[in-house]
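Notes follow once the structure below has been shown.
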Amino acid sequence: KEYLSNVKKAIDDGVNIIGFHYWSFMDNFEWAEGYTPRFGLVHIDYQTLIRTPKESFYYYKNIIETNGKNL
């Protein structure tokens, strides 16, 4: 929320922002930390491989659909 709010503030202040890249769609393997950090938008159950959207997935979806109006 904080990062996206700051991007919106920069745009409102006249900065020419042409895009924003979310780092990881799904939980994944990190070279330094293995599978411990969970920061993707979609939770992966590594035993069953079931993918479950997290709360952040729906938050980000809403931001995209409203073009940031709900920040």
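Counting heavy-atom neighbours within 6.0 Å of N67 CG, excluding the residue itself, gives a total of 12 or less. Counting heavy atoms of neighbouring residues, nucleotides and ligands inside a 6.0 Å radius, atom CD of E65 exceeds 12 of them.
Here the straight-line distance linking atom CD of E2 with atom CG of L71 works out to 12.5 Å at 0.5 Å rounding. Note that CD1 of I44 and CZ of R38 are 8.0 Å apart. Values are rounded to the nearest 0.5 Å. How far NZ of K69 is from NZ of K8: 8.5 Å, rounded to the nearest 0.5 Å. Separation of atoms OG1 (T66) and NZ (K61) is listed at 11.0 Å; rounding is to 0.5 Å. In this structure, CG in N16 is found 9.0 Å from CD1 in I11, a value given to the nearest 0.5 Å. Atom OG of S56 is separated from atom CD1 of I63 by 12.0 Å, given to the nearest 0.5 angstrom.
Contact annotation: the side chain of V7 never approaches that of Y3 to less than 4.5 Å [non-hydrogen atoms, C-beta and beyond]. The shortest distance between side-chain heavy atoms of L4 and Y59 falls below 4.5 Å.
Heavy atoms only, all atoms of each residue included: Y22 and F39 are closest at OH-O, 3.1 Å.
Residue F25 is not grouped with residue I50 when hydrophobic side chains (ILVMFWY) are merged at heavy-atom distances under 4.5 angstrom, including chains of intermediate members.
A donor-acceptor pair is defined here as one N or O able to donate and one able to accept, closer than 3.5 Å; no such pair exists between the side chain of N62 and the backbone of Y58.
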